[in-house]
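So the structure is just underneath, and the comments pick up after that.
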Amino acid sequence: MIFAGIDFPPIAELLNWKPIAFGGTALMFNKIAVLTLLSAAITLALFFFAGRRQNLVPRGIQNLMESAIDFITNSVVIDVMGQEGLAWVPWLTGLFFFILFNNLFEVIPFIQMPATARTSVTIPLALIVYVTFIVVGIKKQGFGGYFKSALVPSGVPVALLILLVPIELLSTFIVRPFALAVRLFGNMLAGHLLLVTFAVISEALFVRSIGLVVLPLPAATLVVLTGYEIFVGFLQAFIFTILTAVYLGESAGGGH
Amino acid sequence: MVFGVVTQSPNPILPSTGEIIWSVISFAILLAVLVKYAFPPVASMMAKRSDKIRDDLEAAESARRDAERLAEERREELGRAREEGQRIIEDARATGEALRQEAAAEAQREAQMVREQAQLQVAAERSRLILELRGELAGMAIELSTRILAHELASSEVDPLVESFLAEADSE
């Protein structure tokens, strides 16, 4: 696409990556697959490194990882799920770091692609959370008990239930996984497109001599946006994790 | 073309099967290894540290209580020692005063005794002197009488003799 002399790549070119291996099969291995595996590997490496140190006074990576665990434990699990949610700390920490690194690949030079800007990553994650909180609910409260607590708000007149039950059904079992997947995907895709847009503009202005006059503006905006995208990366990982904790806490504790 | 990426799907929003499979595999591996192997050492270290900090705080609190107790004991002992010292000083002062008074009384007694003895000695000396004087006067009187008689002096000559005798007695 060419707008006012700027050659902007089609969105499909920014998001669909050609196969590296197993092309044409269901196991097609491309850049997104590399990134998701890499984020898992980085997370595990950081934890193994932090666990190997075992210093009484934590420093460096050990300190970083312990602070992260502390943050997930206190700001996510204890605040949202209470003490009984502590068993979920490793699970939620893994989820947080997996999403965080997949988000931060957006600003890493030569990678510059958030894996979470693909629904192929966010939809499975949302579905895993969806299945997990339903299973936890059924396990803790029984099949009938869980669906009753999830769909029938307590203390509501029977007449209103005709209206409320479908709303609860829609919000809990349909909108929740959809919103989880789309929120993360939408935010990261938007950020990615913004960065690409300003990079393309900066490049085009740099190439054309006349553009040198206004070059600092898009280039400076690109730098600011890169910083903002780092913040968004952390924020979206935190939001996904805390919402997961809220859903798990509701399922485990009886909701409403 | 800025990016050399080959378009695969007409709709970039739709998920691709391969990416779904690999992202699920990645996440599953991450969770399995993290929960089983990578997370527990870090968490146990944190728990150990919390326990140690709690133990240290408890030990510090107990040490502080011990120190306070010891300081209180020292304070009490010091107070007792001070009272004891004060009592000893007062006893010494009272004893000293008593001794001083006793010594003064003794000195007074002795002085009185010395004075009395001196007075007795003076009186005795005086009596002795008077007696001696009397004896001498008697001797002199006898001597005078003897001289008077020996020289057979006229009565008008007696007076100058008596006068010279008395002057002699005075000079002695």
Side-chain angles (χ1 to χ4, degrees), chain A residues 7-19 22 25-30 32-34 36-41 43-44 47-48 50-56 58 62 65-66 69-70 89-91 93-95 97-98 102 115 118-121 123-125 128 185 189 196 199-200 203, chain B residues 1-70:
Chain A
D7 185 9
F8 197 86
I11 291 176
E13 284 190 18
L14 298 173
L15 298 175
N16 291 332
W17 296 86
K18 62 182 175 184
F22 312 121
T25 69
L27 281 173
M28 188 265 293
F29 190 82
N30 64 1
I32 301 299
V34 173
T36 52
L37 284 171
L38 196 60
S39 70
T43 308
L44 289 175
F47 270 94
F48 277 123
R52 201 167 53 84
R53 282 290 176 89
Q54 302 268 322
N55 286 332
L56 195 60
Q62 191 192 352
M65 300 316 281
E66 288 190 6
I69 293 174
D70 214 40
V89 170
W91 202 93
T93 308
L95 182 70
F97 276 104
F98 185 73
N102 276 320
R118 295 287 291 145
T119 48
S120 318
V121 176
I123 289 175
L125 281 179
I128 289 168
F185 157 73
L189 176 67
V196 170
V200 167
E203 188 213 25
Chain B
M1 284 286 228
V2 175
F3 296 90
V5 179
V6 176
T7 305
Q8 287 181 325
S9 161
N11 191 342
I13 288 173
L14 292 178
S16 114
T17 317
E19 288 175 6
I20 290 175
I21 290 171
W22 285 110
S23 64
V24 170
I25 288 172
S26 307
F27 188 60
I29 291 171
L30 169 64
L31 280 191
V33 180
L34 185 74
V35 171
K36 202 152 174 61
Y37 302 106
F39 192 87
V42 185
S44 82
M45 185 62 221
M46 289 170 78
K48 249 187 265 174
R49 186 181 305 116
S50 302
D51 290 348
K52 186 177 171 0
I53 290 169
R54 193 172 48 246
D55 290 349
D56 287 355
L57 284 175
E58 280 169 5
E61 178 62 22
S62 148
R64 193 183 61 78
R65 275 200 299 270
D66 283 355
E68 272 179 9
R69 188 174 51 74
L70 285 173

Please look at [X] and chain B and tell me whether the side chain, the backbone, both or neither of the residue comes under 4.5 angstrom of a heavy atom of that chain.
{"X": "A/Ile123", "answer": "side chain"}
{"X": "A/Phe185", "answer": "side chain"}
{"X": "A/Leu38", "answer": "neither"}

What's the spacing between [X] [atom1] and [Y] [atom2] if we round to 0.5 Å?
{"X": "B/Ser23", "Y": "A/Leu125", "atom1": "OG", "atom2": "CG", "value": "6.5 Å"}
{"X": "A/Phe29", "Y": "B/Ile21", "atom1": "CZ", "atom2": "CD1", "value": "12.5 Å"}
{"X": "B/Ile25", "Y": "A/Thr36", "atom1": "CD1", "atom2": "OG1", "value": "9.0 Å"}
{"X": "A/Glu66", "Y": "B/Met45", "atom1": "CD", "atom2": "CE", "value": "6.5 Å"}

Contacting moiety of B/Ile13, where chain A heavy atoms sit under 4.5 Å: both
Side chain to side chain contact (heavy atoms under 4.5 Å, CB included) against B/Ile20, all qualifying residues, sequence neighbours excluded: A/Ser120, A/Pro124, B/Pro15, B/Val24
Student check: side-chain heavy atoms of A/Trp91 and B/Leu31 closer than 4.5 Å: yes
Within-4.5 Å side-chain heavy-atom neighbours: B/Thr17 and A/Met28: no
Contact leader toward chain B among A/Ala41, A/Ala50, A/Gly51, where contacts are heavy-atom pairs under 4.5 Å: A/Gly51
Top contributor to chain B contacts, counting heavy-atom pairs under 4.5 Å, from A/Leu44, A/Thr25, A/Asp70, A/Val121: A/Leu44
Toward chain A: residues of residues 33-41 of chain B with heavy atoms under 4.5 Å: B/Val33, B/Leu34, B/Val35, B/Tyr37, B/Ala38, B/Phe39, B/Pro41
Residues of residues 51-68 of chain B with any heavy atom under 4.5 Å of a heavy atom in chain A: B/Lys52
Verdict with reasoning, B/Trp22 to A/Val34, per side-chain contact (heavy atoms from CB on, under 4.5 Å): CA-CA 8 Å; B/Trp22 285 110; A/Val34 173; over 6 Å; no
Nearest non-hydrogen partners of B/Ser26 and A/Ala33, listed with the distance: OG-O, 4.5 Å
Shortest non-hydrogen separation from A/Arg118 to B/Leu14 and the atoms involved: NH2-O, 3.7 Å
Set of residues satisfying salt bridge (charged side-chain N to carboxylate O under 4.0 Å, His left out) with respect to A/Arg52, sequence neighbours excluded: none
